[in-house]
J.: 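My questions all concern the structure below.
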Amino acid sequence: MRSDRSRLSLAPDAGRHFAPHARPRTSNPRRFASIFCCALFIVALVGAVQGQSGRRVQKHEEIPPVPTPTPLPQASKPKQEAIKKMSILVLVDNAIGMQTSTTAQEIVMQSFGQRLREADAFVITAEATRATRGEAQRRAKNEQERFVVWVALRVNGMSSDPAGISRPNAEDYHIEYGVYEPVTGRTRTYGNVYLRAGYGSIGGVAVGVPRCYPAVFAYEYEFVVGAIDAANRVIKAFNVPLPPVCGG
């Protein structure tokens, strides 16, 4: 009896573990689909992580600031040196002779000095005492800086009015001038300006006396123009540009 019971008690365990023809369980389609989706998600997640780890972070290159250009030092303009004016001493041979018109002489001397003053390159000093040409040259030798300018109104030989009473004719006169250097007395320039009827006219018609010069009669016009001509020659002797008449 014991042997039968022992067989009966062992039979269930033996059948549970060693039954060769046990029926396999059938797979669930929904479970398989869930597993498949999970696998795909894991694969995608791993690829994304690998892509992120392999991607290089692009560094933004910093643009260097544009340097502010340093202003070039401007070359200082050389200061214009003040033009040193030349000193001149004007001497006049104002001897009055029987044939010399005092009116003509005054017009010539006044116009001559006025024209020199229009040149801004001179410091002019004048003396009223009479001086001959030789005296003017000797005076220049005693000067240290001043040039001596000498001027005289001369009669051309015998004029048509020996007594100098009637109206002066321009063609009877000429203006003599000279410039002498200081210390040496050397002659820088010398010459004569011969007056004539219609002197300084255009086609024989007088163009009129410059407005800043002394008012004269028509027959005295040539004396003004002749004096301006003589003064212009003196100015040119100093290599000075001729200034405009009456200051332009």
Side-chain angles (χ1 to χ4, degrees), residues 88-119 122 124 126-137 148-180 187-238 240-248:
I88 61 176
L89 172 64
V90 178
L91 300 178
V92 178
D93 189 350
N94 54 1
I96 301 297
M98 289 295 294
Q99 301 176 3
T100 305
S101 168
T102 55
T103 301
Q105 188 178 65
E106 290 175 358
I107 293 173
V108 169
M109 300 310 163
Q110 184 177 354
S111 301
F112 180 84
Q114 185 167 336
R115 180 56 177 161
L116 288 181
R117 287 192 296 272
E118 289 178 347
F122 304 123
I124 302 173
E127 291 186 1
T129 56
R130 175 181 179 269
T132 63
R133 180 185 174 190
E135 290 172 343
Q137 193 167 16
V148 174
V149 175
W150 176 79
V151 63
L153 179 64
R154 301 298 192 195
V155 177
N156 303 331
M158 292 299 295
S159 68
S160 58
D161 181 21
I165 298 175
S166 63
R167 187 180 71 186
N169 297 317
E171 58 268 24
D172 295 332
Y173 294 90
H174 70 274
I175 300 173
E176 189 177 2
Y177 64 90
V179 177
Y180 306 101
T187 301
R188 171 163 289 199
T189 187
Y190 172 80
N192 295 278
V193 174
Y194 288 89
L195 308 183
R196 59 187 182 275
Y199 187 78
S201 63
I202 299 177
V205 179
V207 296
V209 175
R211 65 184 183 277
C212 64
Y213 283 80
V216 295
F217 295 103
Y219 62 86
E220 297 169 333
Y221 171 71
E222 287 81 9
F223 292 95
V224 177
V225 177
I228 293 175
D229 189 359
N232 284 343
R233 298 184 187 188
V234 170
I235 294 172
K236 289 179 179 179
F238 289 95
V240 174
L242 292 178
V245 178
C246 297

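In what follows, residues are counted from 1 in the order of the sequence shown.
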J.: What's the spacing between E220 CD and I107 CD1 if we round to 0.5 Å?
T.: 3.5 Å
J.: Which value, rounded to the nearest 0.5 Å, describes the distance between N94 atom CG and L153 atom CG?
T.: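 Between atom CG of N94 and atom CG of L153 there are 11.0 Å.
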J.: Rounded at 0.5 Å granularity, tell me how far CD in E135 sits from OG1 in T132.
T.: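 It is 3.5 Å, given to the nearest 0.5 Å.
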J.: Which heavy atom of A237 sits nearest a heavy atom of T189, and at what distance?
T.: CB-CG2, 3.5 Å
J.: Go through the steps for E222 and Y173 under the test side chain to side chain contact (heavy atoms under 4.5 Å, CB included), then give the verdict.
T.: CA-CA 10 Å; E222 287 81 9; Y173 294 90; over 6 Å; no
J.: Give the minimum heavy-atom separation between R233 and N192, together with the two atoms involved.
T.: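 Answer, listing the atom of R233 first, then N192: NH1-O, 3.2 Å.
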J.: Looking at every heavy atom in both D93 and R154, which two are closest together, and how far apart are they?
T.: OD2-NH2, 2.8 Å
J.: What pair of heavy atoms forms the shortest contact from V92 to W150, and how long is it?
T.: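 Between these two residues, the closest heavy atoms are C-NE1, 4.5 Å.
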J.: For E171 and Y194, test the side chains for any donor-to-acceptor distance below 3.5 angstrom and give the result as yes or no.
T.: no
J.: May I ask you to check whether F238 and F122 place their ring centres under 6.0 Å from each other?
T.: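 Judged by ring-centre distance (under 6.0 Å), F122 and F238 do meet the cut-off.
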J.: Could R115 and D229 be called an ion pair, given the rule that one side-chain N must be under 4.0 Å from one carboxylate O?
T.: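 So R115 does not pair with D229 through a salt bridge.
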J.: Distance check, rounded to the nearest 0.5 Å: N169 atom CG versus S101 atom OG?
T.: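 The OG atom of S101 is 10.0 Å from CG of N169, to the nearest 0.5 Å.
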J.: Does E106 reach the main-chain N or O of T103 with its side chain, forming a donor-acceptor pair under 3.5 Å?
T.: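 Side chain of E106 to backbone of T103: no pair is present.
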J.: Evaluate the side-chain proximity of T187 to Q137: yes if any heavy-atom separation is below 4.5 Å, no if none is.
T.: yes
J.: If I compare all heavy atoms of Y177 with all of A230, which pair ends up nearest, and what's the gap?
T.: CD2-CB, 4.2 Å
J.: Looking at G226 and L195, what are the two nearest heavy atoms and their distance?
T.: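 Heavy atoms of G226 and L195 come nearest at CA-CD2, 3.5 Å.
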J.: Do R133 and Y180 have side-chain atoms, one donor and one acceptor, less than 3.5 Å apart?
T.: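 Indeed, the side chains of R133 and Y180 share at least one donor-acceptor pair under 3.5 Å.
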J.: Any side-chain heavy-atom pair from V149 and L89 closer than 4.5 angstrom?
T.: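 Contact flag for V149/L89 side chains = no.
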J.: Have a look at V179 and tell me which of V234, I88, I235, V151 forms a side chain to side chain contact (heavy atoms under 4.5 Å, CB included) with it.
T.: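 One option only clears the test, and that one is V234.
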J.: Donor-acceptor check, side chain of E118 to backbone of L242, threshold 3.5 angstrom: yes or no?
T.: no
J.: Let me see the working for H174 and V193 under side chain to side chain contact (heavy atoms under 4.5 Å, CB included), right down to the final yes or no.
T.: CA-CA 5 Å; H174 70 274; V193 174; over 6 Å; no
J.: Does Y213 form a side chain to side chain contact (heavy atoms under 4.5 Å, CB included) with I228? I'd like the steps, not just the answer.
T.: CA-CA 10 Å; Y213 283 80; I228 293 175; 3.8 Å; yes
